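Down below is the structure, laid out as structure tokens.
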Amino acid sequence: MKDSILPRKFYDRPALSVARDLLGARLIRIEDGQRVGGIIIETEAYGGEQDLGCHCRSGRTERTQAMYGPPGHAYIYFTYGMHWMLNFVVEADGNPAAILIRAIHPTEGLNLIAERRAKQPPKRWTDGPGKICQALNIDKGLYGVDLCIPDNNLFVEKGSRIPDSNVTIGPRVGLNTVPEPWKSKPWRFLASMEDTIEDTTTANA
DNA sequence: AGCACGATTAACT
DNA sequence: GTTAATCGTGCTC
């Protein structure tokens with residue numbers, strides 16, 4: 001449904017609020033007219049040049065320019081020589097901040113996802129940021145894409161809100177050489193309880 | 001121009 | 001728990 005696409009004002013808020021509220025929403029990629037995606041179940045917030053865990057700690061560069069732009073766009077980057085990472089730009093234009101999408105619960109386009117994640121069991125299809133981009137065929141080609149335009153092939157739809165009792169908050173993952181206090185900031189949000197996920201899937205079907 | 005390393009993953013001991 | 005894979009980016013010389 002086009003009218004269920006999250007509007008720009010959803011992204012135009014503090015990073016922590018957006019990261020938390022993205023849990024339960026549906027990440028959708030359109031490929032040749034086919035929907036591929038699922039429910040967002042894990043996110044992390046990055047933002048501000050003071051955040052030494054954020055790429056924008058180096059200021060505005062060619063790679064990070066999207067983060068400095070208006071909210072509601074995709075910030076995508078390549079790392080470890082082989083993995084793409086999907087982020088959503090948040091907060092006001094000129095204010096660098098983004099949300100890393102770390103895990104989703106696949107619900108649509110399962111045939112394509114299974115194909116691309118062939119050697120892994122369904123549980124491991126999209127339980128990591130690099131895996132999501134592999135499963136949904138996301139790479140540099142989608143850098144800077146506007147997530148608020150229905151005609152574009154990447155956007156997020158409103159889903160069922162995950163109650164606080166099912167949300168786990170903790171430190172961000174993989175910031176091994178980042179100094180404190182940034183390394184331990186509790187800016188990771190994880191939706192727990194399979195029951196909730198399954199209910200949400202059914203409710204949205 | 002060269003270099004160290006990363007918001008990771010999968011395979012292995 | 002440990003480690004190889006693999007290359008764009010940002011920093012130093």
Side-chain angles (χ1 to χ4, degrees), chain A residues 11 14-23 25 27 29 38 40-69 71-91 95-106 112-145 147 154 156 167-191:
Chain A
Y11 301 97
L16 292 178
S17 299
V18 181
R20 192 260 174 255
D21 292 344
L22 276 170
L23 298 180
L27 170 65
R29 167 111 167 85
I40 296 172
I41 58 174
E42 185 180 353
T43 62
E44 278 177 3
Y46 291 83
E49 292 182 353
Q50 312 88 332
D51 178 7
L52 296 181
C54 182
H55 292 155
C56 61
R57 64 181 177 276
S58 304
R60 190 168 192 154
T61 65
E62 185 169 359
R63 176 174 65 155
T64 63
Q65 59 167 329
M67 246 199 286
Y68 285 78
H73 290 250
Y75 166 53
I76 295 170
Y77 66 90
F78 186 67
T79 191
Y80 289 105
M82 63 188 84
H83 300 299
W84 293 96
M85 304 282 136
L86 171 66
N87 300 250
F88 301 152
V89 177
V90 299
E91 301 193 0
N95 189 354
I99 307 303
L100 171 68
I101 307 305
R102 287 195 63 89
I104 69 173
H105 179 77
L112 284 175
I113 293 175
E115 212 172 277
R116 293 167 182 152
R117 304 283 304 139
K119 299 193 168 159
Q120 301 298 326
K123 266 273 189 210
R124 307 235 174 98
W125 278 351
T126 53
D127 62 342
K131 301 179 188 181
I132 291 175
C133 290
Q134 188 185 337
L136 303 196
N137 194 25
I138 292 170
D139 62 19
K140 191 97 182 176
L142 290 168
Y143 185 92
V145 157
L147 305 167
L154 185 67
V156 185
V167 175
T168 301
I169 300 175
R172 295 175 292 182
V173 176
L175 306 190
N176 303 306
T177 65
V178 173
E180 298 290 0
W182 312 107
K183 181 177 180 178
S184 300
K185 290 282 186 185
W187 292 355
R188 172 174 178 247
F189 298 83
L190 178 66

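Since we're looking at a predicted model, the values are computed, not measured. Residue numbering restarts at 1 for every chain, and letters A, B, ... go by the order of the sequence lines. Only this structure's heavy atoms are used, side chains among them; waters, hydrogens and symmetry mates stay out.
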Can you see which heavy atom on A/Thr64 is nearest to which on A/Tyr143, and at what distance? C-OH, 3.9 Å
Comparing nearest nucleotides in DNA chain B, the 5'-proximal residue of the pair A/Lys119, A/Val173 is A/Val173
Residue A/Thr79, side-chain heavy atoms: nucleotide from B/dA10, B/dT9, B/dG6 that is nearest: B/dG6
Write down the atom of A/Leu86, the atom of A/Ala74, and the distance for their closest heavy-atom approach. CD1-CB, 4.3 Å
A/Met85 near the nucleic acid: base, sugar-phosphate alone, or nothing, with a heavy-atom cut-off under 4.0 Å? sugar-phosphate
Applying side-chain contact (heavy atoms from CB on, under 4.5 Å), run through A/Ile101 and A/Thr43 and close with a yes or a no. CA-CA 5 Å; A/Ile101 307 305; A/Thr43 62; 4.2 Å; yes
Nucleotide N/O to protein N/O under 3.5 Å, stretch nucleotides 1-4 of chain B:
none

May I have the distance from A/Arg124 (atom CZ) to B/dT9 (atom P), rounded to whole angstrom? 12 Å
Just say parallel, tilted or perpendicular for the rings of A/His55 and A/Tyr75, cut-offs at 30° and 60°. perpendicular
Note: A/Ile104 and A/Ile40 closest approach over all heavy atoms is CG2-CA, 4.1 Å
Applying side-chain contact (heavy atoms from CB on, under 4.5 Å), run through A/Ile99 and A/Tyr11 and close with a yes or a no. CA-CA 10 Å; A/Ile99 307 303; A/Tyr11 301 97; over 6 Å; no
Which is it for A/Lys131 and A/Asp127 under the salt bridge (Lys or Arg N to Asp or Glu O under 4.0 Å) test, yes or no, and what are the steps along the way? CA-CA 7 Å; A/Lys131 301 179 188 181; A/Asp127 62 342; 2.7 Å; yes
How many whole angstroms separate atom NE2 of A/His83 from atom P of B/dT8? 9 Å
Do A/Leu16 and A/Phe189 touch side chain to side chain, with heavy atoms closer than 4.5 Å? yes
With a 4.0 angstrom cut-off to heavy atoms of chain A, pull out the first and last contacting nucleotide of DNA chain C, in 5'-to-3' order. C/dA5 to C/dC11
Evaluate the criterion side-chain contact (heavy atoms from CB on, under 4.5 Å) for residue pair A/Trp84 and A/Leu142; output intermediate values, then yes/no. CA-CA 11 Å; A/Trp84 293 96; A/Leu142 290 168; over 6 Å; no
Mind checking the P distance from B/dG2 to C/dT6? Whole angstroms is fine. 22 Å
If you look at every strand shown and take non-hydrogen atoms under 4.0 Å, does A/Asn87 touch a base, only sugar-phosphate, or nothing? base
Rounded distance in Å - CH2 (A/Trp125) to C1' (B/dT9): 18 Å
Pick the closest DNA chain B nucleotide for A/Lys131 and for A/Gly53 by heavy atoms, then say which residue is nearer the 5' end. A/Gly53
From CD of A/Glu42 across to C1' of B/dA7 the rounded distance in Å is 11 Å
Are the side chains of A/Ile113 and A/Leu136 in touch, meaning some heavy atoms are under 4.5 Å apart? yes
Which part of the nucleic acid, if any, lies within reach of A/Arg63 when heavy atoms closer than 4.0 Å are counted: base, sugar-phosphate only, or nothing? sugar-phosphate
Per side-chain hydrogen bond (donor to acceptor under 3.5 Å, both in side chains), A/Gln134 is matched among A/Gln120, A/Arg117, A/His83 by A/Arg117
Verdict with reasoning, A/Arg102 to A/Glu44, per salt bridge (Lys or Arg N to Asp or Glu O under 4.0 Å): CA-CA 7 Å; A/Arg102 287 195 63 89; A/Glu44 278 177 3; 3.7 Å; yes
Tell me what A/Lys140 touches on the nucleic acid: a base, only sugar-phosphate, or nothing, going by heavy atoms under 4.0 Å. sugar-phosphate
Identify, between A/Arg57 and A/Phe78, the residue whose nearest nucleotide on DNA chain C lies closer to the 5' end. A/Phe78
Just compare B/dA7, B/dA11, B/dT8 and give me whichever is closest to any side-chain atom of A/Gln120. B/dA11
Give A/Arg102 one of three labels, base, sugar-phosphate or nothing, depending on what nucleic acid heavy atoms sit under 4.0 Å from its own. sugar-phosphate
Look at all strands and tell whether A/Arg188 reaches a base, only sugar-phosphate, or nothing, counting heavy atoms closer than 4.0 Å. nothing
Could you give the CE-to-P distance, from A/Met82 to B/dA7, as a whole number of Å? 14 Å
Pairwise side-chain contact, A/Leu27 with A/Leu154, heavy-atom cut-off 4.5 Å (strictly under): yes
Anything below 3.5 Å on both distances counts as a pair; with that, list the stems of at least three consecutive Watson-Crick or G-U pairs involving DNA chain C. B:1-6 with C:7-12, B:8-12 with C:1-5
Against the side chain of A/Leu100, the closest entry in B/dG6, B/dT8, B/dA7 is B/dA7
Rounded to the nearest Å, what distance is computed from the CG atom of residue A/Leu52 to the P atom of nucleotide B/dA7? 12 Å
